[in-house]
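Atoms within a ligand are numbered from 1 in the order they appear, just like the ligands themselves.
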Amino acid sequence: MEMNIVLFGAPGAGKGTQAKFIMDQYEIPQISTGDILRQAIANKTTLGLEAKKFMDEGKLVPDSVVNGLVAERLEQADCKKGFIMDGFPRTVVQAEELDKILEKLNRKIEKVIALNVKDEDIVERITGRRTSKKTGKIYHMTFNPPVDEDPADLVQRADDTKEVVEKRLSTYHEQTAPVLDYYKAQNKVSEIDGSQQMEEITKQIFSILG
Ligand code: AP5
Ligand code: MG
């Protein structure tokens, strides 16, 4: 069976962290629209420059742009066995478009895993995050401190300030939270307490995915 998964949750809920474990376990790629957009910014492409304006303000990049990126990514061979969507879909329009793209390929989303974390905990998670520019590994200065990393390789995301995180959270509640109802209506959602230890969350995800 194909493993077409959506990993859902607020900013800082742990989507990127858990996506890496799922990738290793099931040998399917992570499709992170945030990572794709940050790569475009690093490459200084027209798309990247356009997207940066929205991201720096904690707003969503327009649906048309992001939908196109995902449609292109899904055509690649490594997505044949399945994929983990991380940070997509983020609006109901994106969710509907994803269903259409998959339908054309005779495929569908099998499961949606939602990581629930309270707003109060999000700011601390986001401001303490550091990512290795060498390995792409995600750390937290308190909850998951880096080991064997050169401190010079650890970077903080441009949108990981307290001010922008608060905007990202309101964007999430207004535009992204309704996506969960969209998938609940399709009976695809499993919810997990995302405030647990990382290892415990991974265990629960694996037991849901089987
Ligand atoms: P994106 O990159 O998707 O960011 P996000 O959704 O805000 O989520 P994050 O990456 O911040 O958090 P995460 O859930 O991956 O958490 P992580 O595992 O790193 O999007 C960025 C921007 O791009 C958007 O604002 C938007 O502008 C644009 N964009 C992207 N996709 C788009 C789309 N589809 N449509 C339109 N625009 C789009 O963990 C966070 C921290 O917590 C880490 O430090 C980690 O070590 C720590 N942590 C993780 N798990 C635990 C745990 N269990 N206990 C303690 N600490 C933990
Ligand atoms: Mg992420």
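Looking at S32 next to ligand 1, no N or O pair under 3.5 Å apart turns up. Looking at Q196 next to ligand 1, an N or O pair under 3.5 Å apart turns up. The shortest N or O to N or O distance between G87 and ligand 1 is below 3.5 Å. Close N/O approach between Q94 and ligand 1 is found [any backbone or side-chain N/O within under 3.5 Å]. Residue V66 places no N or O, backbone or side chain, under 3.5 Å from any N or O of ligand 1.
Closest to atom 37 (N) of ligand 1, if we only count protein heavy atoms, is V61 N, 3.0 Å. The nearest heavy-atom contact from the protein to atom 13 (P) of ligand 1 is K15 N, 3.5 Å. Protein heavy atom at the shortest distance from atom 31 (N) of ligand 1 is T33 OG1, 2.7 Å. Counting protein heavy atoms only, atom 12 (O) of ligand 1 is closest to G12 N, 2.8 Å. Looking only at protein heavy atoms, the nearest one to atom 54 (N) of ligand 1 is R125 NH2, 3.4 Å. Nearest to atom 4 (O) of ligand 1 among the protein's heavy atoms is R157 NH2, 3.2 Å. For atom 16 (O) of ligand 1, the closest non-hydrogen atom of the protein is G14 N, 3.2 Å. Of the protein's non-hydrogen atoms, R129 NH1, 3.4 Å is the one closest to atom 9 (P) of ligand 1.
The closest side-chain donor-acceptor pair between N116 and E191 falls under 3.5 angstrom. Donor-acceptor pairing under 3.5 Å is recorded for the side chains of D193 and S195. Side-chain contact check for Y182 and D99: at least one donor-acceptor pair (N or O, by modelled atom type) lies under 3.5 Å. Using modelled atom types, one finds no donor on one side chain facing an acceptor on the other under 3.5 Å when comparing D153 with S132.
A 6.0 Å sphere centred on NZ of K188 holds more than 12 heavy atoms belonging to other residues, nucleotides or ligands. For K52, the NZ atom counts as loosely surrounded, since its 6.0 Å shell holds 12 or fewer non-hydrogen atoms of other residues, nucleotides or ligands. No more than 12 heavy atoms of other residues, nucleotides or ligands lie within 6.0 Å of CD in E27, so this atom counts as exposed by the packing criterion. Counting heavy atoms of neighbouring residues, nucleotides and ligands inside a 6.0 Å radius, atom CG of D148 does not exceed 12 of them.
At a heavy-atom cutoff of 4.0 Å, ligand 1 is contacted by no atom of T91, backbone or side chain. Contacts between Y139 and ligand 1 below 4.0 angstrom, taking non-hydrogen atoms only, involve the backbone exclusively. At a heavy-atom cutoff of 4.0 Å, ligand 1 is contacted by the side chain of I126 but not by its backbone. Heavy atoms of T17 found under 4.0 angstrom from ligand 1 belong to the backbone as well as the side chain. Neither the backbone nor the side chain of D63 has any atom closer than 4.0 Å to an atom of ligand 1 (non-hydrogen atoms only).
Ligand 1 lies less than 4.0 angstrom from a heavy atom belonging to A13.
Within the 4.5 Å cutoff, no side-chain heavy atoms of K104 are placed close to those of K100. The side-chain heavy atoms of L98 and L74, taken from C-beta on, include a pair separated by under 4.5 Å. Here the side chains of M55 and I41 are in contact, with some heavy-atom distance below 4.5 Å.
Of all atoms in ligand 1, numbered sequentially from 1 with element shown, those under 4.0 Å from a heavy atom of R38 are 2 (O), 21 (C). Those atoms of ligand 1 that come under 4.0 Å of a heavy atom in K59, given as number and element, are 26 (C), 27 (O). Residue contact check: F143 has heavy atoms under 4.0 Å from atoms 55 (C), 56 (N) of ligand 1. Listed by number with element, the atoms of ligand 1 under 4.0 angstrom from any heavy atom of I201 are 53 (N). Counting atoms of ligand 1 from 1 in the listed order, those under 4.0 Å from a heavy atom of G16 are 13 (P), 15 (O), 18 (O). Near P11, the atoms of ligand 1 lying under 4.0 angstrom from a non-hydrogen atom of the residue are 5 (P), 7 (O), 8 (O), 12 (O).
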Show your working on ring pair (Phe, Tyr, Trp, His ring centres under 6.0 Å) between Y26 and F206 and close with a plain yes or no.
CA-CA 9 Å; Y26 296 99; F206 290 174; 5.7 Å; yes

Before giving the answer on side chain to side chain contact (heavy atoms under 4.5 Å, CB included), spell out for Q18 and I84 the whole-Å C-alpha distance, their side-chain angles and the decisive distance to 0.1 Å.
CA-CA 10 Å; Q18 296 299 332; I84 310 146; over 6 Å; no

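Going from atom CD of E174 over to atom NZ of K59 covers 11.0 Å, rounded to the nearest 0.5 Å.
In this pair, Y172 and F8 present their aromatic rings tilted. The plane angle is within the 30 to 60° band.
The residue from M55, K53, M85, R90 that puts a heavy atom closest to atom 20 (O) of ligand 1 is R90.
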